[in-house]
Number of protein chains: 2
Amino acid sequence: MINYKLDRSFAALADPTRRAMVERLAMGPATVKELAAPLPMSLPAVMLHLKVLEASGLVTSEKQGRVRTCRIDPHCLSQVELWVSERRAMWERKLDRLGAFLDATKPDNEP
Amino acid sequence: MINYKLDRSFAALADPTRRAMVERLAMGPATVKELAAPLPMSLPAVMLHLKVLEASGLVTSEKQGRVRTCRIDPHCLSQVELWVSERRAMWERKLDRLGAFLDATKPDNEP
DNA sequence: TTGATAGTTAAGTACATGATTAACTATAAA
DNA sequence: TTTATAGTTAATCATGTACTTAACTATCAA
């Protein structure tokens with residue numbers, strides 16, 4: 001029942017800096033420097049955030065020469081999306097059944 | 001650009017105990033005691049998790065007599081789902097465009 | 001080969017998080 | 001009216017997170 005990957009993905013996305021990094025990467029791959037440019041913090045801090053994103057699997061990176069290029073791995077994003085949508089769907093089915101029950105037991109001549 | 005609600009929702013869902021609580025609530029409303037029953041921790045600890053879930057907006061609760069009944073608020077779940085699906089969709093559109101570009105620039109007579 | 005660039009590691013600090021036990025407050029039932 | 005139930009608050013503690021600056025290592029360009 002324990003899903004460490006999901007733990008790490010949600011935890012990674014809980015930080016606004018890391019969501020900003022994912023938003024940037026959603027537009028296409030970027031280097032560490034490009035990722036860091038708009039962020040109001042030091043490069044080592046960005047590196048730590050990147051490490052968290054990579055540990056969760058949401059982002060991958062590879063180094064060529066002295067440049068590390070980062071990109072989104074959509075699989076983990078899908079896993080997160082799936083978990084949330086499943087719970088919401090379950091809750092909404094529950095609501096629908098409740099509605100149907102109320103309709104069925106309601107005194108008639110109401111719409 | 002900063003979205004505290006989203007921060008709190010993702011952070012709330014990053015903890016396996018709280019995800020377990022949401023999973024339970026997806027099946028229908030529950031009291032604090034019912035929520036706590038399967039969890040390997042003290043009631044005050046469960047209360048703290050519940051507070052985190054309520055502060056994020058993912059869960060609401062109301063007290064009647066001495067019983068507090070908790071239920072999912074699907075709106076915040078939708079917000080989380082939307083954020084994730086938008087980023088994934090954006091990334092995949094990007095990939096598609098890249099694929100189309102590669103197809104267009106590829107030397108011919110390849111499938 | 002000198003210097004700038006891109007990234008990395010280390011050490012240290014401040015604050016947040018997740019849990020505990022003990023003690024307390026209502027409400028309901030016997 | 002006693003007693004059990006459901007929940008709440010407070011005090012405490014250990015650990016984890018999010019940064020900082022300083023110092024370092026490669027790589028590329030002039």
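Because the structure is a prediction, the values reported are computed rather than measured. Order of the sequence lines sets the chain letters (A, B, ...), proteins ahead of strands, with each chain counted from 1.
- Applying the salt bridge (charged side-chain N to carboxylate O under 4.0 Å, His left out) rule to A/Glu54 yields no partners; only residues at least two apart in sequence or on another chain are considered.
- One can place CG of A/Leu48 at 10 Å from P of D/dT20, the figure rounded to the nearest angstrom.
- Between A/Val52 and A/Gly65, the one whose closest nucleotide on DNA chain D sits nearer the 5' end is A/Val52.
- Taking the side-chain contact (heavy atoms from CB on, under 4.5 Å) definition, one finds that B/Leu43 meets it with B/Val32, B/Ala36, sequence neighbours left out.
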Output a table of nitrogen or oxygen pairs between the protein and nucleotides 3-9 of chain D separated by less than 3.5 Å.
| from | atom 1 | to | atom 2 | distance (Å) |
| --- | --- | --- | --- | --- |
| D/dT5 | O2 | B/Arg66 | NH1 | 2.4 |
| D/dA6 | OP2 | B/Lys33 | NZ | 2.5 |
| D/dA6 | O3' | B/Arg66 | O | 3.4 |
| D/dG7 | OP1 | B/Val32 | N | 3.4 |
| D/dG7 | OP1 | B/Arg68 | N | 3.2 |
| D/dG7 | OP1 | B/Arg68 | O | 3.4 |
| D/dG7 | OP2 | B/Lys33 | N | 2.8 |
| D/dT8 | OP1 | B/Arg68 | NE | 2.6 |
| D/dT8 | OP1 | B/Arg68 | NH2 | 2.7 |

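- For residues 36-51 of chain A, every residue pair satisfying the side chain to side chain donor-acceptor pair (under 3.5 Å) rule, not counting sequence neighbours, is listed here: A/Arg18-A/His49.
- Not a single side chain to side chain donor-acceptor pair (under 3.5 Å) links A/Gln79 to another residue, sequence neighbours left out.
- Applying the side chain to side chain donor-acceptor pair (under 3.5 Å) criterion to B/Trp91, with sequence neighbours excluded, gives no partner residue.
- Atom CG of A/Asp15 and atom C1' of C/dT17 are 15 Å apart (whole Å).
- Remark: nothing in residues 5-13 of chain B comes within less than 4.0 Å of DNA chain D through any heavy atom.
- At distances below 3.5 Å, at least one donor-acceptor pair connects side-chain atoms of B/Arg19 with backbone N or O atoms of B/Leu13.
- Partners of A/Glu86 according to the side chain to side chain donor-acceptor pair (under 3.5 Å) rule, which considers only residues two or more places apart in sequence or in another chain, do not exist here.
- The side chain of B/Ser42 places no N or O atom within less than 4.0 Å of a non-bridging phosphate oxygen (OP1 or OP2) of C/dA19.
- Closest approach to the B/Arg18 side chain among C/dG18, D/dC19, C/dT20 is made by C/dG18 (side chain taken as heavy atoms from C-beta onward).
- Separating the CG atom of B/Leu53 from the C1' atom of C/dT17 is a distance of 14 Å, rounded to the nearest angstrom.
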Donor-acceptor list for residues 63-73 of chain A side chains, cut-off 3.5 Å, not counting sequence neighbours:
| from | atom 1 | to | atom 2 | distance (Å) |
| --- | --- | --- | --- | --- |
| A/Arg68 | NH1 | A/Ser61 | OG | 2.9 |
| A/Asp73 | OD1 | A/His75 | N | 3.0 |

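- The phosphate of D/dC19 (OP1 or OP2) has a side-chain N or O of A/His49 nearer than 4.0 angstrom.
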